[in-house]
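Reviewing the structure listed below.
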Amino acid sequence: MNALNQIILEGNVCRQPEKRTFDGNFRVCTVPIAVSRRFKNREGKSDEEVSYFEIDTYGNLADACEKWCPTGRGIRVVGRLKQDRWTGDDGKKNSRIKVIAEHIEFKYFNKKDADGNEEPVQETADNVELPGPTKKQKLAMLAEAAQATQKDQESGELAF
């Protein structure tokens with residue numbers, strides 16, 4: 001029987017991600033998230049528990065998380081669990097389970113204007129905030145990309 005090791009978490013970034021580079025080009029970014037669970041307790045009152053996870057990302061996903069994961073942003077993580085084991089200086093055996101991300105979805109990051117209205121914003125690498133594209137702009141971009149692909153197919157430059 002094959003083993004299944006997959007996890008899906010949805011929560012908010014609770015601290016600024018930390019990016020590290022090893023051997024010149026191997027990139028790792030750790031994104032700490034908080035995941036809330038709401039439920040009714042024995043007395044029938046609403047209650048909430050919060051669990052904290054550290055998500056490890058690698059390569060291009062690490063670069064994206066460094067740029068697009070400010071504190072408070074909602075993300076959905078699809079990944080797997082990994083157990084690290086080590087022996088401490090005192091001879092005690094230790095272990096820690098962490099999440100290795102294979103895919104991350106970035107939720108809209110809403111910012112309130114002076115009137116209290118929320119407006120989706122998109123951070124850039126230099127932390128300049130720009131409004132995210134509207135639905136009409138997204139459709140126009142998709143249509144433009146489809147036309148370019150069709151043109152490439154007709155010219156023989158692109159084959160499927």
CD/Glu10: more than 12 non-hydrogen atoms of other groups inside 6.0 Å: yes

Joint hydrophobic cluster, Val78 plus Ile75, side-chain heavy atoms closer than 4.5 Å: no

Exercise: identify the closest heavy-atom pair between Ala101 and Val77: CB-CG1, 4.0 Å

Joint cluster assignment, Val28 & Leu61, ILVMFWY side-chain distance < 4.5 Å: no

Student check: side-chain heavy atoms of Asn25 and Arg27 closer than 4.5 Å: yes

Main-chain N/O of Val35 paired with Arg37 side-chain donor or acceptor, under 3.5 Å: no

Side chain to side chain contact (heavy atoms under 4.5 Å, CB included) evaluation trace for Ile7 with Val99: CA-CA 8 Å; Ile7 186 166; Val99 178; 4.0 Å; yes

Donor-acceptor contact below 3.5 Å, side chain Asp84 vs main chain Ser95: no

Minimum-distance pair of heavy atoms, taken over all atoms of Ile55 and Leu9: CD1-CD1, 4.2 Å

Lys/Arg N to Asp/Glu carboxylate O, Asp47 vs Arg38, below 4.0 Å: no

Tyr108 and Arg73, any side-chain heavy atoms less than 4.5 Å apart: no

Salt bridge present between Asp56 and Lys82 (N-O < 4.0 angstrom): no

Joint cluster assignment, Val50 & Phe39, ILVMFWY side-chain distance < 4.5 Å: no

Step-by-step side chain to side chain contact (heavy atoms under 4.5 Å, CB included) determination, Val31 to Glu18: CA-CA 7 Å; Val31 182; Glu18 292 179 27; over 6 Å; no

Check against side chain to side chain contact (heavy atoms under 4.5 Å, CB included), Phe106 and Cys65: CA-CA 9 Å; Phe106 301 98; Cys65 287; 4.2 Å; yes

Candidate pair Glu54 and Thr30, rule side-chain hydrogen bond (donor to acceptor under 3.5 Å, both in side chains), full reasoning: CA-CA 6 Å; Glu54 289 197 352; Thr30 301; 5.3 Å; no

Carboxylate-amine/guanidinium contact Glu66 Arg20, below 4.0 Å: no

Test side chain to side chain contact (heavy atoms under 4.5 Å, CB included) applied to Cys14 and Thr71, step by step: CA-CA 5 Å; Cys14 55; Thr71 302; 5.7 Å; no

Heavy-atom side-chain proximity of Arg76 to Lys107 below 4.5 angstrom: yes

Polar side-chain atom of Asp23 near backbone of Phe26 as donor-acceptor pair, under 3.5 Å: no

